[in-house]
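Below: the structure, in structure tokens.
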Amino acid sequence: MLDLQFIRDNQDRVRKAMVDKGIGNDSIVDALLKADEERRNLITQTQDTQTRANAAAKEIGILMKDGRKEEAQEAIIENSRLKAELKSLEDGLRSAQEVVDQLQLEIPNVPHESVPVGRTPDDNVVDEEWGEKPIFGFDALAHWELIDTLNLVDFDRGSKVSGAGFPFYLGAGARIQRALTNFFLDEAIKAGYLEVQAPLVVNEDSARGTGQLPDKEDLMYEAQRDGLYLIPTAEVPVTNFHRDEIFAAKELPKRYCAYTPCFRREAGSYGKDVRGLNRLHQFDKVELVHLVRPEDSYAALEDLREHAENLLRKLELPFRRLLMCTGDMGFTQAKKYDLEVWSAGQERWLEVSSISNFESFQARRMKIRYRDEDGGKPQIIHTINGSGLAVPRIVAALLENNQQPDGTIRVPDCLVSYFGASSIGHVRGSDISAH
RNA sequence: GGAGAGGUGGGUGAGUGGCUGAAACCACAGGUUUGCUAAACCUGCGUACCUUUUAUAGGGUACCGAGGGUUCGAAUCCCUCCCUCUCCGCCA
């Protein structure tokens with residue numbers, strides 16, 4: 001949510017943002033400004049009337065105390081008229097306010113000046129590629145084939161028990177995910193993040209706070225009876241942790257890491273895009289969240305990005321970084337990077353991290369503020385978050401990139417102690433034969 | 001799930017219809033003074049919005065869990081909802 005004053009003062013930038021992001025149309029801005037003007041007019045009138053009514057009520061109190069009953073009675077009658085007037089003013093104000101509130105939620109965040117203008121994913125800028133794509137002397141398999149051979153994941157029974165996109169992970173398949181999760185958390189803790197375990201369901205206010213509502217209901221599973229949503233990412237509970245709070249300046253920055261399963265309803269496309277571990281309705285992820293002063297947010301964005309990239313380097317996975325264009329970056333972001341990992345069996349890039357600066361857009365909705373050392377009014381903070389990292393796609397890439405001629409999978413050095421072995425399926429089936 | 005109690009400013013906590021945006025204390029910030037692992041005293045100290053032809057300034061309105069209602073006037077009375085605590089039951 002953008003500041004109303006900002007929208008008033010920067011109409012052109014806001015209109016351009018909507019065009020560049022390809023969201024709505026700028027008649028919303030006109031409607032908003034008109035409703036806002038009406039709202040402010042009504043506020044002025046309403047408050048003016050209230051001032052008079054308050055004065056009258058006070059006067060009546062004094063008259064009553066002095067025992068001047070008749071004068072008081074006259075004043076009461078007089079004041080009743082004011083009250084009726086007030087009623088209609090308030091009704092008008094309420095509906096004007098509703099219009100403003102609703103339209104304000106329909107205006108997207110303004111992209112940072114460094115963000116390329118573009119319409120489609122093709123307009124995203126590839127910032128950097130790192131690492132060597134592996135070259136095999138044999139036919140490289142896709143991870144779903146490797147998974148089958150090594151019996152790491154059971155998709156069919158997942159479908160039976162829950163539905164498509166809810167797999168069971170078995171034996172080494174389960175353990176490699178646990179190893180990755182622990183590795184990610186430990187790295188984050190080393191970097192100074194505070195680990196949190198968050199609720200996996202949130203209420204409507206929280207979903208609105210981080211921008212999942214309104215309009216993105218379809219993204220989330222809903223427990224309607226209890227008014228709760230399954231979290232699509234730990235970003236939602238972790239950022240809302242500080243909703244409606246005012247920090248002292250010295251308390252910032254706040255940096256949190258959280259491992260949670262993530263639930264996504266998104267229908268998505270069919271075929272290869274959703275094959276295997278590429279796209280699931282439930283997946284594990286470690287999320288990183290920063291709450292910072294406004295002037296620090298772009299440095300924090302780079303810091304988080306660097307952290308996530310280092311994880312990929314340690315995992316020895318080739319990856320590239322995309323700077324997302326205006327049309328592909330989303331409603332709430334001011335600037336966003338995607339990290340994509342090379343998956344050698346499928347010969348495609350898989351998104352494993354999305355790192356965004358929301359500036360004050362989320363924090364304004366959540367009323368997360370801080371007070372500067374100099375005192376003065378509380379100011380809205382900035383929020384940044386990013387994955388560090390999404391687990392199943394890392395597994396997919398790891399399986400595909402590290403497959404060996406003998407059918408085993410090499411485990412990267414950084415994971416060996418977490419995983420407890422230097423390869424998966426070294427003795428064919430030994431990990432899972434017990435099952 | 002059953003029964004009861006309660007939700008006031010950063011904290012504790014007064015306040016049962018008008019002079020209370022809210023006492024007091026603590027915490028915090030600034031100042032004075034004495035000086036020595038600090039104390040005493042003074043002052044300040046909620047948020048949002050509107051507005052004043054533009055100010056680290058003034059004026060106004062709203063907010064005492066949330067939303068409605070009664071009243072000329074509500075933190076104070078009524079209704080609904082949410083939350084917290086205690087006891088009982090159940091339970092990883």
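Reminder, nothing fancy here: chain letters follow the sequence lines and each chain counts from 1.
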B/C83 to B/C90 separation - C1' atoms, rounded to the nearest Å: 22 Å
Neighbour count above 12 (heavy atom, 6.0 Å) for A/Glu217 CD: yes
Side-chain ion pair, A/Glu204 and A/Arg208, N-O less than 4.0 Å: yes
Watson-Crick or G-U wobble mate for B/G1, both contacts under 3.5 Å: B/C88
Spacing of the C1' atoms in B/G17 and B/C78 (rounded, Å): 13 Å
Base-pairing mate for B/C45 - Watson-Crick or G-U, with both contacts under 3.5 Å: none
Distance-only donor-acceptor pairs under 3.5 Å for side chains of residues 189-198 of chain A, two or more places apart:
{"from": "A/Lys190", "atom 1": "NZ", "to": "A/Glu187", "atom 2": "OE2", "distance (Å)": "3.0"}
{"from": "A/Tyr193", "atom 1": "OH", "to": "A/His290", "atom 2": "NE2", "distance (Å)": "2.7"}

Complementary nucleotide for B/G10 - Watson-Crick or wobble, under 3.5 Å: B/C26
Distance, C1' atom - from B/C79 to B/A55, rounded to whole angstrom: 46 Å
Watson-Crick or G-U wobble mate for B/G21, both contacts under 3.5 Å: none
Gap between atoms CD and P, on A/Gln47 and B/C49 respectively (whole Å): 12 Å
Value in whole Å for how far the P atom of B/G10 lies from CZ of A/Phe247: 15 Å
Salt-bridge present (A/Arg305, A/Glu309; N to O < 4.0 Å): yes
Any strand: nucleotide that pairs with B/A40 via Watson-Crick or wobble, under 3.5 Å: B/U32
Pairwise P distance for B/A62 and B/A39, with rounding to whole Å: 42 Å
Sugar-phosphate, base or nothing in reach of A/Arg369, heavy atoms under 4.0 Å: sugar-phosphate
Sugar-phosphate, base or nothing in reach of A/Asn54, heavy atoms under 4.0 Å: sugar-phosphate
Length of the line joining A/Gln379:CD and B/U47:C1', which is rounded to integer Å: 15 Å
Tabulate protein N/O versus nucleotide N/O from nucleotides 72-76 of chain B, keeping only pairs under 3.5 Å, one per line.
{"from": "B/C72", "atom 1": "O2'", "to": "A/Asn79", "atom 2": "ND2", "distance (Å)": "2.3"}

A/Arg410/A/Glu316 ion pair, N-O < 4.0 Å: yes
Salt-bridge contact A/Lys16-A/Asp20 (side-chain N to carboxylate O under 4.0 Å): yes
Sugar-phosphate only, base, or nothing, as touched by A/Lys87 at under 4.0 Å among non-hydrogen atoms: sugar-phosphate
Nearest-Å distance once atom C1' is located in both B/A24 and B/G9: 13 Å
A/Asp48 CG to B/A62 C1', straight-line distance once rounded to whole Å: 15 Å
Sugar-phosphate only, base, or nothing, as touched by A/Arg52 at under 4.0 Å among non-hydrogen atoms: nothing
A/Asp154/A/Lys160 ion pair, N-O < 4.0 Å: no
Whole-Å gap separating P (B/G68) and CG (A/Asp91): 11 Å
Closest nucleotide among B/G60, B/U47, B/U51 to the A/Thr51 side chain: B/G60
Salt bridge A/Lys285-A/Glu235, side-chain N to carboxylate O under 4.0 Å: no
Separation of B/U61 P from A/Arg94 CZ (nearest whole Å): 19 Å
Length of the line joining A/Asn41:CG and B/U61:P, which is rounded to integer Å: 19 Å
Nearest-Å distance for atom pair NZ/P, residues A/Lys367 and B/G46: 19 Å
Residue A/Pro378, side-chain heavy atoms: nucleotide from B/C50, B/G60, B/A48 that is nearest: B/A48
